[in-house]
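Before any comments, here is the structure.
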Amino acid sequence: MALDDQFQRFLFEDSQVRGEWVRLSGSFQEIISQSAYPERIQHLLGETLAASVLLSGTLKFEGTLSIQAQGEGPVRMLMAECSHDRAIRGIARYDTQPAGESLDELLGEGRMAITITPNQGQRYQGVVPREHDNLSACLEEYFERSEQIDTRLFLFADGQQAAGLMLQRLPGDKSLDDDLWQRVGHLASTVKADEMLGLDSQTVLNRLFHEETLRVFDSETVRFQCSCSRERTLAALESVGQDECYSILDEQETIEMDCQFCHAQYRFDRNDIDQLFHGHSLH
(Lines give C-alpha, C1' and ligand atoms only; values in the text may rest on other atoms or scores of the structure.)
Protein backbone atom coordinates (compact mmCIF):
# COMPACT_ATOMS: atom_id res chain seq x y z
CA MET A 1 0.00 0.00 0.00
CA ALA A 2 1.27 3.41 -0.90
CA LEU A 3 2.21 5.75 1.92
CA ASP A 4 -0.21 8.36 0.64
CA ASP A 5 -3.34 6.33 1.35
CA GLN A 6 -4.04 8.81 4.11
CA PHE A 7 -6.94 10.58 5.81
CA GLN A 8 -6.35 13.69 7.90
CA ARG A 9 -8.56 15.94 10.01
CA PHE A 10 -7.89 19.58 10.79
CA LEU A 11 -9.72 22.51 12.32
CA PHE A 12 -9.49 26.26 12.31
CA GLU A 13 -8.70 27.43 15.83
CA ASP A 14 -11.35 29.33 17.79
CA SER A 15 -14.11 28.58 15.30
CA GLN A 16 -16.79 26.04 14.40
CA VAL A 17 -15.04 25.29 11.10
CA ARG A 18 -13.42 21.90 10.62
CA GLY A 19 -11.92 20.09 7.67
CA GLU A 20 -10.75 16.76 6.31
CA TRP A 21 -8.35 15.73 3.56
CA VAL A 22 -7.90 12.33 1.92
CA ARG A 23 -5.80 10.85 -0.84
CA LEU A 24 -6.12 7.28 -2.10
CA SER A 25 -3.50 5.56 -4.20
CA GLY A 26 -2.77 1.86 -3.63
CA SER A 27 -6.21 1.24 -2.11
CA PHE A 28 -7.92 2.88 -5.09
CA GLN A 29 -5.81 0.97 -7.60
CA GLU A 30 -6.65 -2.30 -5.87
CA ILE A 31 -10.35 -1.54 -6.14
CA ILE A 32 -10.36 -0.52 -9.81
CA SER A 33 -8.17 -3.52 -10.69
CA GLN A 34 -11.16 -5.76 -9.86
CA SER A 35 -12.85 -4.79 -13.14
CA ALA A 36 -11.91 -3.23 -16.48
CA TYR A 37 -13.61 0.09 -15.83
CA PRO A 38 -13.72 2.75 -18.56
CA GLU A 39 -11.77 5.88 -17.63
CA ARG A 40 -14.79 8.04 -16.78
CA ILE A 41 -16.23 5.37 -14.49
CA GLN A 42 -12.84 5.04 -12.78
CA HIS A 43 -12.99 8.76 -12.07
CA LEU A 44 -16.56 8.63 -10.74
CA LEU A 45 -15.80 5.63 -8.54
CA GLY A 46 -12.65 7.35 -7.25
CA GLU A 47 -14.56 10.52 -6.37
CA THR A 48 -17.21 8.46 -4.59
CA LEU A 49 -14.60 6.50 -2.62
CA ALA A 50 -12.88 9.73 -1.56
CA ALA A 51 -16.24 11.15 -0.50
CA SER A 52 -17.07 8.05 1.53
CA VAL A 53 -13.82 8.41 3.49
CA LEU A 54 -14.46 12.10 4.15
CA LEU A 55 -18.03 11.45 5.28
CA SER A 56 -16.91 8.54 7.48
CA GLY A 57 -15.02 11.12 9.53
CA THR A 58 -18.40 12.24 10.86
CA LEU A 59 -19.14 8.82 12.40
CA LYS A 60 -19.31 8.85 16.20
CA PHE A 61 -19.39 5.06 16.54
CA GLU A 62 -17.99 1.86 15.06
CA GLY A 63 -19.62 0.94 11.78
CA THR A 64 -19.68 1.83 8.09
CA LEU A 65 -20.87 4.64 5.85
CA SER A 66 -21.71 3.98 2.23
CA ILE A 67 -22.72 6.09 -0.74
CA GLN A 68 -24.92 4.17 -3.15
CA ALA A 69 -26.57 5.08 -6.43
CA GLN A 70 -28.79 3.20 -8.82
CA GLY A 71 -29.44 4.72 -12.22
CA GLU A 72 -30.96 4.15 -15.60
CA GLY A 73 -27.99 5.56 -17.52
CA PRO A 74 -24.76 3.83 -18.59
CA VAL A 75 -23.84 3.34 -14.90
CA ARG A 76 -26.53 1.14 -13.37
CA MET A 77 -25.03 0.91 -9.88
CA LEU A 78 -22.36 2.73 -7.91
CA MET A 79 -21.31 2.01 -4.36
CA ALA A 80 -18.44 3.12 -2.10
CA GLU A 81 -18.12 2.18 1.55
CA CYS A 82 -15.77 3.23 4.33
CA SER A 83 -15.60 1.95 7.89
CA HIS A 84 -14.86 3.92 11.05
CA ASP A 85 -11.27 2.65 10.88
CA ARG A 86 -10.85 3.69 7.21
CA ALA A 87 -11.25 0.37 5.41
CA ILE A 88 -12.76 1.02 1.99
CA ARG A 89 -14.34 -0.94 -0.80
CA GLY A 90 -16.32 0.04 -3.87
CA ILE A 91 -17.84 -1.11 -7.12
CA ALA A 92 -19.60 0.18 -10.24
CA ARG A 93 -21.82 -1.72 -12.67
CA TYR A 94 -22.34 -0.38 -16.16
CA ASP A 95 -24.02 -1.45 -19.39
CA THR A 96 -22.28 0.63 -22.01
CA GLN A 97 -19.23 2.82 -22.49
CA PRO A 98 -20.29 6.19 -21.04
CA ALA A 99 -20.24 9.09 -23.45
CA GLY A 100 -21.02 11.90 -21.01
CA GLU A 101 -19.16 13.51 -18.16
CA SER A 102 -21.82 14.80 -15.78
CA LEU A 103 -23.46 12.77 -13.04
CA ASP A 104 -26.81 12.86 -14.84
CA GLU A 105 -25.25 11.65 -18.09
CA LEU A 106 -23.60 8.73 -16.26
CA LEU A 107 -26.43 7.69 -13.93
CA GLY A 108 -29.49 9.00 -15.74
CA GLU A 109 -32.67 9.04 -13.68
CA GLY A 110 -32.09 7.24 -10.42
CA ARG A 111 -31.66 7.32 -6.70
CA MET A 112 -28.66 8.09 -4.51
CA ALA A 113 -28.47 7.49 -0.78
CA ILE A 114 -26.10 7.54 2.16
CA THR A 115 -26.40 4.54 4.46
CA ILE A 116 -24.90 4.50 7.95
CA THR A 117 -24.67 1.02 9.51
CA PRO A 118 -23.49 0.86 13.13
CA ASN A 119 -21.92 -2.37 14.33
CA GLN A 120 -24.54 -2.15 17.07
CA GLY A 121 -27.79 -0.28 16.68
CA GLN A 122 -30.20 0.91 14.02
CA ARG A 123 -29.22 1.45 10.42
CA TYR A 124 -29.94 4.90 8.98
CA GLN A 125 -30.41 5.89 5.36
CA GLY A 126 -30.72 9.40 3.93
CA VAL A 127 -31.61 10.31 0.35
CA VAL A 128 -29.08 12.46 -1.53
CA PRO A 129 -30.69 15.08 -3.81
CA ARG A 130 -29.83 14.60 -7.49
CA GLU A 131 -30.31 18.21 -8.57
CA HIS A 132 -26.69 18.95 -9.56
CA ASP A 133 -24.41 17.63 -12.27
CA ASN A 134 -21.55 16.57 -9.98
CA LEU A 135 -21.23 14.46 -6.85
CA SER A 136 -19.69 17.22 -4.71
CA ALA A 137 -22.66 19.57 -5.12
CA CYS A 138 -25.19 16.78 -4.51
CA LEU A 139 -23.48 15.85 -1.23
CA GLU A 140 -23.20 19.49 -0.16
CA GLU A 141 -26.96 19.84 -0.59
CA TYR A 142 -27.53 16.62 1.35
CA PHE A 143 -25.74 18.09 4.37
CA GLU A 144 -27.61 21.38 4.03
CA ARG A 145 -31.03 19.71 3.85
CA SER A 146 -30.62 16.71 6.12
CA GLU A 147 -28.07 17.85 8.68
CA GLN A 148 -28.32 21.65 8.46
CA ILE A 149 -24.52 21.76 8.27
CA ASP A 150 -22.73 24.13 5.88
CA THR A 151 -20.40 21.93 3.80
CA ARG A 152 -17.96 22.39 0.92
CA LEU A 153 -16.62 19.34 -0.91
CA PHE A 154 -13.89 19.09 -3.55
CA LEU A 155 -13.38 15.69 -5.17
CA PHE A 156 -10.78 14.59 -7.75
CA ALA A 157 -9.71 11.33 -9.40
CA ASP A 158 -7.72 9.99 -12.31
CA GLY A 159 -6.77 6.46 -13.26
CA GLN A 160 -4.23 6.15 -10.46
CA GLN A 161 -5.39 8.20 -7.49
CA ALA A 162 -8.41 9.83 -5.87
CA ALA A 163 -8.48 12.72 -3.44
CA GLY A 164 -10.88 14.95 -1.58
CA LEU A 165 -11.14 17.98 0.67
CA MET A 166 -14.12 18.75 2.89
CA LEU A 167 -14.89 21.83 4.98
CA GLN A 168 -17.79 21.99 7.42
CA ARG A 169 -19.16 24.64 9.72
CA LEU A 170 -20.62 22.88 12.74
CA PRO A 171 -23.67 24.13 14.63
CA GLY A 172 -22.89 26.93 17.05
CA ASP A 173 -22.51 30.68 17.14
CA LYS A 174 -21.91 31.35 13.44
CA SER A 175 -21.44 35.07 13.98
CA LEU A 176 -18.00 34.27 15.37
CA ASP A 177 -16.74 32.76 12.14
CA ASP A 178 -18.96 33.99 9.31
CA ASP A 179 -16.10 35.81 7.61
CA LEU A 180 -13.79 32.84 8.19
CA TRP A 181 -16.26 30.44 6.55
CA GLN A 182 -16.57 32.60 3.45
CA ARG A 183 -12.81 33.13 3.28
CA VAL A 184 -11.70 29.49 3.65
CA GLY A 185 -14.43 28.33 1.26
CA HIS A 186 -13.11 30.70 -1.39
CA LEU A 187 -9.53 29.58 -0.74
CA ALA A 188 -10.46 25.89 -0.95
CA SER A 189 -12.23 26.48 -4.28
CA THR A 190 -8.89 27.48 -5.81
CA VAL A 191 -7.34 24.04 -5.26
CA LYS A 192 -6.35 22.22 -8.46
CA ALA A 193 -6.58 18.53 -9.31
CA ASP A 194 -2.80 18.17 -9.72
CA GLU A 195 -2.27 19.62 -6.23
CA MET A 196 -4.76 17.30 -4.58
CA LEU A 197 -3.55 14.23 -6.49
CA GLY A 198 0.17 15.00 -6.32
CA LEU A 199 0.95 16.74 -3.03
CA ASP A 200 0.85 15.67 0.61
CA SER A 201 -1.70 17.10 3.01
CA GLN A 202 0.69 19.46 4.77
CA THR A 203 1.72 21.08 1.50
CA VAL A 204 -1.87 21.43 0.29
CA LEU A 205 -3.11 22.89 3.57
CA ASN A 206 -0.17 25.29 3.77
CA ARG A 207 -0.79 26.50 0.24
CA LEU A 208 -4.49 27.05 0.83
CA PHE A 209 -4.64 28.27 4.43
CA HIS A 210 -1.18 29.61 5.31
CA GLU A 211 -2.69 32.79 6.76
CA GLU A 212 -5.08 30.87 9.04
CA THR A 213 -4.36 29.16 12.36
CA LEU A 214 -4.86 25.43 11.85
CA ARG A 215 -4.74 22.54 14.24
CA VAL A 216 -3.81 19.43 12.25
CA PHE A 217 -4.40 16.00 13.76
CA ASP A 218 -2.43 12.81 13.18
CA SER A 219 -3.12 11.19 9.83
CA GLU A 220 -4.85 7.82 9.54
CA THR A 221 -4.04 5.09 7.03
CA VAL A 222 -6.74 4.15 4.53
CA ARG A 223 -6.73 0.61 3.13
CA PHE A 224 -8.78 -1.60 0.85
CA GLN A 225 -10.49 -4.32 2.82
CA CYS A 226 -13.56 -6.26 1.84
CA SER A 227 -15.97 -7.09 4.63
CA CYS A 228 -17.22 -10.28 3.00
CA SER A 229 -16.88 -13.57 4.86
CA ARG A 230 -18.24 -17.09 4.78
CA GLU A 231 -20.52 -16.23 7.71
CA ARG A 232 -21.97 -13.13 6.01
CA THR A 233 -22.48 -15.09 2.80
CA LEU A 234 -24.39 -17.76 4.73
CA ALA A 235 -26.52 -15.01 6.28
CA ALA A 236 -27.36 -13.83 2.75
CA LEU A 237 -28.39 -17.37 1.82
CA GLU A 238 -30.55 -17.54 4.95
CA SER A 239 -32.39 -14.43 3.79
CA VAL A 240 -33.03 -16.12 0.42
CA GLY A 241 -34.84 -18.93 2.24
CA GLN A 242 -34.43 -22.65 2.59
CA ASP A 243 -36.83 -23.57 -0.22
CA GLU A 244 -34.78 -21.61 -2.75
CA CYS A 245 -31.48 -22.96 -1.41
CA TYR A 246 -32.62 -26.59 -1.57
CA SER A 247 -34.07 -25.98 -5.04
CA ILE A 248 -30.62 -24.87 -6.22
CA LEU A 249 -29.01 -27.91 -4.60
CA ASP A 250 -31.48 -30.20 -6.38
CA GLU A 251 -30.08 -28.87 -9.67
CA GLN A 252 -26.39 -28.75 -8.73
CA GLU A 253 -24.22 -30.22 -6.00
CA THR A 254 -23.18 -26.93 -4.43
CA ILE A 255 -24.23 -23.30 -4.15
CA GLU A 256 -21.43 -21.05 -5.34
CA MET A 257 -21.32 -17.34 -4.54
CA ASP A 258 -18.67 -14.79 -5.54
CA CYS A 259 -18.10 -11.50 -3.75
CA GLN A 260 -18.73 -8.65 -6.18
CA PHE A 261 -16.18 -6.42 -4.42
CA CYS A 262 -13.11 -8.68 -4.14
CA HIS A 263 -14.13 -11.78 -6.16
CA ALA A 264 -13.63 -14.11 -3.19
CA GLN A 265 -15.44 -17.40 -3.89
CA TYR A 266 -17.63 -19.24 -1.41
CA ARG A 267 -19.01 -22.73 -1.94
CA PHE A 268 -21.72 -24.44 0.15
CA ASP A 269 -22.87 -28.05 -0.06
CA ARG A 270 -26.01 -29.72 1.26
CA ASN A 271 -24.48 -30.31 4.68
CA ASP A 272 -23.75 -26.57 4.99
CA ILE A 273 -27.37 -25.69 4.12
CA ASP A 274 -28.71 -28.33 6.52
CA GLN A 275 -26.59 -26.83 9.26
CA LEU A 276 -27.76 -23.33 8.36
CA PHE A 277 -31.47 -24.00 8.50
CA HIS A 278 -31.71 -26.91 10.93
CA GLY A 279 -28.61 -26.62 13.12
CA HIS A 280 -27.37 -30.06 12.08
CA SER A 281 -26.95 -32.25 9.03
CA LEU A 282 -30.08 -34.04 7.80
CA HIS A 283 -28.30 -36.07 5.16
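Positions are given from 1, in the same order as the sequence printed here. Just the heavy atoms: all of them, side chains too, but no hydrogens, waters or symmetry mates, feed the values below.
- A side-chain donor-acceptor contact under 3.5 Å links Gln16 to the backbone of Pro171.
- Residue pairs meeting the side chain to side chain donor-acceptor pair (under 3.5 Å) criterion with at least one member in residues 154-165, sequence neighbours excluded: Gln29-Gln160.
- Legend: side chain to side chain donor-acceptor pair (under 3.5 Å) pairs involving residues 63-78, not counting sequence neighbours, sorted by first then second residue: Ser66-Gln68, Gln68-Thr115, Arg76-Asp95.
- Within the structure, the side chain to side chain donor-acceptor pair (under 3.5 Å) test picks out the following pairs touching residues 102-114 (sequence neighbours left out): Ser102-Glu105, Asp104-Arg130, Arg111-Gln125.
- Proximity of Pro38 to Ile41: side-chain heavy atoms (C-beta onward) are separated by under 4.5 Å at one or more points.
- Within the 3.5 Å criterion, the main-chain N or O of Glu30 finds a donor-acceptor partner in the side chain of Gln34.
- Applying the side-chain contact (heavy atoms from CB on, under 4.5 Å) test between Gln202 and each of Asn206, Leu205, Val204 identifies Asn206 as the sole match.
- With sequence neighbours left out, the ring-ring contact (aromatic ring centres under 6.0 Å, His included) criterion links Phe209 to Phe12.
- Counting heavy-atom neighbours within 6.0 Å of Gln120 CD, excluding the residue itself, gives a total of 12 or less.
- Remark: the backbone N or O of Asp243 is not paired with any side-chain donor or acceptor of Ser247 at under 3.5 angstrom.
- Every pair tested for ring-ring contact (aromatic ring centres under 6.0 Å, His included) that includes a residue from residues 78-120 fails, sequence neighbours excluded, so the list is empty.
- Residues Val53 and Leu65 are not in side-chain contact: their nearest non-hydrogen atoms beyond the backbone lie 4.5 Å or more apart.
- Side-chain N or O atoms of Gln168 include none that pairs as donor or acceptor with a backbone N or O of Ile149 at under 3.5 Å.
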Yes or no on salt bridge (Lys or Arg N to Asp or Glu O under 4.0 Å) for Arg86 and Asp5, after CA distance, side-chain angles and deciding distance? CA-CA 10 Å; Arg86 316 302 166 225; Asp5 287 77; over 6 Å; no

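- A donor-acceptor pair under 3.5 Å links the side-chain atoms of Arg223 to the main chain of Asp85, judged by distance alone.
- The shortest distance between side-chain heavy atoms of His132 and Glu141 falls below 4.5 Å.
- Not a single salt bridge (Lys or Arg N to Asp or Glu O under 4.0 Å) links Glu238 to another residue, sequence neighbours left out.
- Listed for the Ser146 side chain is no donor-acceptor partner under 3.5 Å among the backbone atoms of Phe143.
- Annotation: cation-pi geometry not satisfied between Arg9 and Phe217 (NZ/CZ under 6.0 angstrom from ring centroid, within 45° of ring axis).
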